[in-house]
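Everything on this sheet refers to the single structure shown next.
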Amino acid sequence: MKNILFLLSLGLSLVSFAQEGTTCARSSKLLKTFDDYHVEPRKVDLAYAQDVMKFWANSMDSRGDVLSLEDVELMKTWAPLLLEDFNESTCQVWEKVAELFENSLDRADSVVVVLRKERINLNEKDALIVDDNEKYVKTEDIVDQKRKWIKYELLIRQFNASTDSTGIDLEEIKTRTFARAECKLESKRKSYGDLGAYVRNKQLNAMAFAMDPHSGYLNGDQFREFERHVSSDQLSFGIEIGKNDIGEIEVLEVVPGSPAWKSGEIHKGEVILEVESSLGYKDFGCILMSDISSFFSELGTEPATFRMRDEGGKQKTVVLTREETEIEENVINSFVLEGERKVGYLHLPSFYSEDTGPFGETDGCANDLAKELIRLKRENIEGLIIDLRYNGGGYMHEAIKMAGIFIDYGAVVISKYKDGDPETMKDMNRGTVYQDPLIVLVNETSASASEMFSSAMQDHNRAVIVGSQTYGKGTMQIPMEVGKAMGEFSAVQGGDQDYVYLTIGQYFRVNGESVQLTGTVPDVKLPSEYVRDEIGEVSYPHAMQHSFVDKKTYYTPWPELPIDDLVSGSGARIAKSVEFGEIERLKKEEIEGNSLFEIPLDKVGFNDYLEKRFVEEDKMSISELYKVKNPSYLQTMRSSEDSEKIIFHDVIDRLARDIYVEEAYNIVSDLITITK
Amino acid sequence: MNYRILTAIAALLITGLTFAQETPVDYMSELSEPVTELKSQTWQYMKSVTRGKGSKKVDKTRSDLIARIKEAEKTIKSKPGWNGSTDYRDAVSTYLGMQYTVMKEDYDKILDMEEIKEQSYDLMEAYILAQEKAGEKLSQAFDVLDEAQKKFAEENNITLTKAEMDKTSKKIRNAGEMLDYYNEVYLIFFKPYKQEMYTLAAQSTNDVSGVEQNATSLSSLASEGLKKLKATGDFRGDASLRIAGQNLMNFYVKEGDKQFPDLVNFYVSKEEYERIKKIIDSKDEKDLTQEEVDTFNGAVKEYNAGVADFNKTIEMMNSQRSKLIDEWNSKIDSFFSTHSE
C-alpha cells in the first residue's frame with residue numbers, strides 16, 4: 001500500500017515540478033508588487049502567512065464541502081513553511097496543499113458515491129446544524145454531514161415541486177440532487193485547466209486578500225471579465241445565464257435588441273450544452289460561471305456556434321456573433337413619488353463610468369443622473385431621494401462629479417496615495433443642477449464611493465443622510481498587471497499575465513477624517529436588518545486602520561439643516577411602526593442568538609421551518625402615502641414581457657412596499673415644510 | 001498688471017511738505033529722494049503699457065522699473081533712523097519691498113497661493129485672482145506707510161500739504177486712473193467670460209451635467225457683472241467700455257438662462273426618444289397599444305424638431321459671441337488710444 005501511495009505522490013510531484021517554477025515566480029512577483037505599490041503593505045511575517053493559509057482553505061472550499069477540520073488544521077501548521085517560501089522564493093507549501101486538496105476531492109467524490117447507494121429517510125427526526133463560526137467538520141463526521149446536506153437539498157426540491165404543482169417524483173429529485181453534487185466537485189477539477197493551477201490561483205488569491213480585504217488577485221481571464229463589468233457598454237451575445245438545479249447552464253433572459261434576440265432562436269429555459277468557434281471550444285456541462293464569461297470574452301467578434309437543448313429536450317445549433325449591447329444594470333431609472341408632496345426618487349446601482357473621448361473625457365453615472373434630474377425637475381418635484389443602498393462603490397471621479405451636481409464649488413474629498421502628499425479633489429464645475437431638499441438613503445451595504453459621496457453631502461450640509469451606518473471602506477483600488485508599474489499593461493493580453501486589484505490609496509473627508517471602519521453615520525437613523533459587525537469593514541480583523549490627514553480644504557457649506565426636528569419627527573413615526581418594530585425584533589434575535597442554528601431535516605419539521613420564513617417576507621404592504629410613477633414620457637409604455645403591466649412594473653411594486661423609501665419620503669416632506 | 005501700484009507711487013510723490021523745523025524735514029526729504037527718482041522710470045513703463053508699445057518694450061521698461069525699485073529699497077534701508085526710531089524709515093522700505101515683490105509677481109512671498117489655487121479652476125484664473133489680492137496687499141501696505149508718515153510729521157511738528165504736481169506726476173496719475181478703470185472693468189468681464197468657456201467645454205463633450213451646472217453659474221455671474229458695471233460707471237464721460245461690457249453680460253445671461261438650457265433639453269429629449277424606441281423595438285407590432293404608438297410618434301417628431309433647433313441655436317450663439325467679443329476688443333483699443341497721453 002505504502003509503495004503505491006509513494007508512487008502516487010511522486011506522480012503528483014512530477015506533474016507539479018513542471019509548474020513549480022511558475023508558482024514560485026508568480027508568488028514572489030506578487031509580493032514585490034504589494035511592497036512597491038500597496039498604500040500600507042502588511043509586513044510579510046508569520047501572522048501574514050497564517051492569514052494566507054486560512055484564506056487559502058476558504059478560497060478553495062467556501063462551503064466546507066471538501067476539506068475536513070483536520071485538513072484545515074494541518075494547513076495552518078504549514079504557515080511557518082509558507083513564510084520560508086516567501087523569503088526564499090520556494091513553493092513547498094503549494095505542493096503540499098495541491099496533494100492535500102486532491103486527496104480531499106477524492107474523498108468527497110467517494111462520499112457522494114456511497115450516499116447515492118443509501119436509502120435516505122426523510123421522515124426520521126434529524127437536524128442540520130449550521131455553525132457560522134465553523135463550517136468544516138471532522139473526517140469521521142464527513143459522511144454524516146454530507147448526508148444532512150443532501151437531505152436538506154432534497155427537502156428544498158420537494159418543497160419547490162409541491163408549490164409548483166408539477167408533481168413530486170422522488171427518484172427524479174434524488175437523481176438531480178446527486179448530479180448537482182457531483183458536478184460541483186467536477187468543476188473544481190476542470191476549471192483552470194488542472195488542479196495544480198487551481199490551487200495556485202487560490203494561493204495567490206489568499207495572498208492578495210490577506211494584504212487587505214479589498215485587494216484581490218485575478219488571472220488573465222478574470223481580469224478581462226472584471227474590465228467588462230465596470231463599464232456599461234460591452235460586447236455581448238445578449239444572453240443572461242444561470243445554473244439550473246442540476247448545474248446546467250440555462251438561459252434566464254434574452255436581452256432585447258441583442259444578437260440572441262435578433263436570431264429569434266434562443267429562448268428562456270433552454271440549456272446551453274457547448275459553444276464552439278474558430279477561437280475556442282467549451283463544454284458547458286459542470287462549468288464554473290466565471291469560466292463562461294472569460295471564455296465568451298475570448299471569442300471577440302468571431303461567430304460562435306451554440307449547441308442548445310430546448311425545453312422539449314430536442315437539440316439544435318444557433319450561430320451568434322457578439323455585438324455592443326448596453327448593459328441594463330448600469331442604467332439609472334427615476335421615479336416620482338406622488339402624494340401630498342411630489343418627490344423624485346433615484347436608485348444608483350454603482351458609480352459606473354465609461355471612457356469615451358480622445359482626451360479621456362468620460363461619460364458615466366454622473367451625467368446619467370443629471371439627465372434624470374433634469375427630467376424630474378420638469379415634473380416639478382419638491383424634493384429628491386437618492387438611494388445608495390446596495391451600491392458598493394465604483395469610480396471616484398464619478399462620485400466627485402455627482403457631488404458637484406448638488407454643490408456650487410469647492411473641496412469634495414482628499415485623496416492620498418503611497419508616498420504622496422494629500423491632494424484635494426474638488427467640484428469640477430461651478431454651479432449646481434439641483435438646489436432643493438435632498439435625502440441620501442444608505443445602509444451597511446453602501447460602500448466606498450457611496451460613502452465618499454454621502455459624507456461630502458453631509459460635510460457641505462447639502463443633504464440629510466438617512467438610514468444606517470455605512471460599510472466603512474475608505475480605500476481605493478485600481479487594477480494592475482503584476483510586475484508592471486501603475487497604468488502599464490502588456491501590449492498583448494491573453495497570455496500568462498497575473499493581475500491584482502490593489503489598494504493603492506485612501507480617501508478622506510474634507511475635514512480630514514477617514515471613513516475607514518467608521519463609515520458615514522446617518523443624520524437620521526432607521527432600524528436596520530443588518531448586523532454591521534458581520535458585514536461591514538469591521539468584520540475583517542485584518543482591515544486597514546482608521547486614520548486622518550492634516551490638510552486645509554476650502555469650501556463653503558450650505559446653511560445648517562434642521563436635523564434635530566427631522567430626527568424627532570422620524571423617531572415618533574418609527575416608534576409606532578409595526579414593520580420597523582419587527583425588523584428590530586428580528587435583529588435583536590439574531591444578535592442574541594448564538595452562531596448555531598438548526599434546520600429540521602424531517603419533512604414535517606422542515607415544511608414548518610420554511611413556512612415561518614416565507615410568512616415573514618410577505619408582511620410588507622403597499623404604501624398609502626403616495627403612488628410610485630414612471631416619469632411622464634414613459635407613462636404610456638408597457639413592458640414587453642407582459643403587455644398588461646406598465647414598464648418597470650416590478651421595480652415600482654417593490655418601491656411601493658419599501659418601508660425605508662416611505663420613511664425617506666416622510667423625512668423629505670418634513671424638510672420641504674420646514675425650509676419653505 | 002495691477003496699476004494700483006503705480007497710482008500709489010504717484011500718491012507718494014504728490015505729498016508736499018511745509019516746515020516749522022529744518023532737520024526732520026531734511027530727513028523726510030532724504031527718504032523721499034530715492035522714491036522721487038523712480039518717477040521718470042515709472043512714467044516710461046506706464047507709457048509703454050498704455051500706448052500699446054508691444055510686449056518687448058513693456059517687458060524691458062518693466063524690468064528696468066523693478067531694478068530701480070530694488071535700488072531705492074536698498075538705499076532707504078541704509079539710511080539711519082531718526083531720534084532713535086527707525087519706524088518711518090522701515091515703513092518706507094517695507095512698502096518699497098512690497099512694490100518690488102508685487103511687480104515681480106513673486107506672489108508666493110505675500111499670498112497663500114495654495115488657497116488661491118484651491119479656489120481657482122485653472123492657472124489663468126489663479127493668476128488673475130492672485131493679482132487682485134496682491135493689489136489689495138499693496139494698498140494695505142500703502143495705508144501703513146501713510147500712517148507712519150503722518151505720525152512722523154505729527155511728532156516732529158511738520159505740516160503735510162498737497163503740493164502742486166509737476167507734469168510727470170500728473171501724467172502718472174492720469175495714466176494710473178485710466179488703467180485702474182480698465183482693470184476694474186476687465187475683472188468684471190473676466191469671470192463670466194471664463195465661466196462661458198467652461199460651459200462651452202462641457203457642451204463640446206456632451207457633458208450634460210457640466211453644461212447645466214456651468215450655465216446656472218454663468219447666468220448669476222453675468223447678472224452680478226451687470227450690477228457691478230452699473231456701479232463702476234463711465235470714465236470721464238466715456239461709456240464705451242461699460243456699454244460693450246454690458247452687451248456681453250446680457251448675452252451671457254441669455255445663454256445661461258435660455259440657450260444652454262435649450263441645448264440640455266435636447267440631450268434629454270434625445271435620450272427619451274432612444275429609450276422609447278428601444279421599448280417599441282423589443283415588442284412585436286401586434287402587441288403595441290395605440291397609446292404607445294402615439295407616444296413614440298410624438299417622441300420622433302420632437303426629436304427631429306430638436307435636432308434642427310439644436311444646430312440653429314449653436315450657430316446663433318457662435319455668431320453673436322464672435323461679434324460681441326470683437327466689439328469688446330476694439331472698444332478696449334480705442335479706449336486706450338483716446339485716454340493715453
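The chains referred to below are lettered A, B, ... by the order of the sequence lines, with proteins before strands, and numbering in each begins at 1.
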Chain B heavy atoms under 4.5 Å from A/Gln635: which part of the residue, side chain, backbone, both or neither? neither
More than 12 foreign heavy atoms under 6.0 Å from OH of A/Tyr555: is that the case here? yes
Residue B/Lys270 excluded, over 12 heavy atoms near NZ under 6.0 Å: no
Take a 6.0 Å sphere around NZ of B/Lys283 and say whether it holds more than 12 heavy atoms from other residues, nucleotides or ligands. yes
Honestly, the part of A/Met402 sitting under 4.5 Å from a heavy atom of chain B is neither
Mind checking whether A/Met637 and B/Arg275 have side chains closer than 4.5 Å, heavy atoms only? no
What's the spacing between A/Lys371 NZ and B/Ser269 OG if we round to 0.5 Å? 11.5 Å
Can you tell me if B/Met197 has over 12 outside heavy atoms packed within less than 6.0 Å of its CE? no
Atom CD of residue position B/Glu274 - does it have more than 12 heavy atoms of other residues, nucleotides or ligands inside 6.0 Å? yes
Write down the atom of B/Gln213, the atom of A/Val433, and the distance for their closest heavy-atom approach. CG-CG2, 3.6 Å
Portion of A/Tyr434 that has a non-hydrogen atom of chain B nearer than 4.5 angstrom: neither
Answer yes or no: is there a side-chain heavy-atom contact under 4.5 Å between A/Glu372 and B/Glu271? yes
All ring pair (Phe, Tyr, Trp, His ring centres under 6.0 Å) counterparts of B/Tyr267, not counting sequence neighbours: B/Phe310
Bottom line for B/Val264: the part with an atom under 4.5 Å from chain A's heavy atoms is side chain
B/Asp287 vs A/Arg638 side-chain heavy atoms within contact, under 4.5 Å: no
Measure A/Leu634 against the heavy atoms of chain B and call it side chain, backbone, both or neither at under 4.5 Å. side chain
How close do A/Ala370 and B/Ser209 get, heavy atom to heavy atom, and via which atoms? CB-CB, 3.5 Å
Please report the interatomic distance CG(B/Asn265) to CD1(A/Ile374), rounded to the nearest 0.5 Å. 7.5 Å
Please state whether the side chain, the backbone, both or neither of B/Ile276 comes within less than 4.5 Å of a heavy atom of chain A. both
Region of A/Lys426 that comes under 4.5 Å of a non-hydrogen atom in chain B: side chain
Indicate the atoms forming the closest heavy-atom contact of B/Glu114 with A/Tyr554, along with that distance. O-CE1, 4.5 Å
Honestly, the part of B/Lys117 sitting under 4.5 Å from a heavy atom of chain A is backbone
Is the CG atom of A/Asp421 crowded by more than 12 outside heavy atoms at less than 6.0 Å? no
Where along residues 290-299 of chain B does a heavy atom come under 4.5 Å of chain A, listed by residue number? B/Glu291, B/Glu292, B/Thr295
dist B/Asn214:CG -> A/Met428:CE (nearest 0.5 Å) comes out at 11.0 Å
Take atom CG in A/Asp550; do more than 12 heavy atoms of anything else shown fall under 6.0 Å from it? no
Looking at A/Leu369, A/Ile405, A/Asp408, which has the largest count of heavy-atom pairs under 4.5 Å with chain B? A/Ile405
Any donor and acceptor pair, going by atom type alone, linking the side chain of A/Lys401 with main-chain N or O of B/Gly210 inside 3.5 Å? no
Which bit of A/Leu373 is near chain B, if near means a heavy-atom gap under 4.5 Å: side chain, backbone, both or neither? neither
Per the salt bridge (charged side-chain N to carboxylate O under 4.0 Å, His left out) rule, what does the pair list look like for residues 210-225 of chain B, sequence neighbours excluded? A/Lys377-B/Glu212, B/Glu224-B/Lys228
Just grab all the salt bridge (charged side-chain N to carboxylate O under 4.0 Å, His left out) pairs involving residues 189-199 of chain B, residues at least two apart or on different chains. B/Asp122-B/Lys194, B/Glu196-B/Arg321
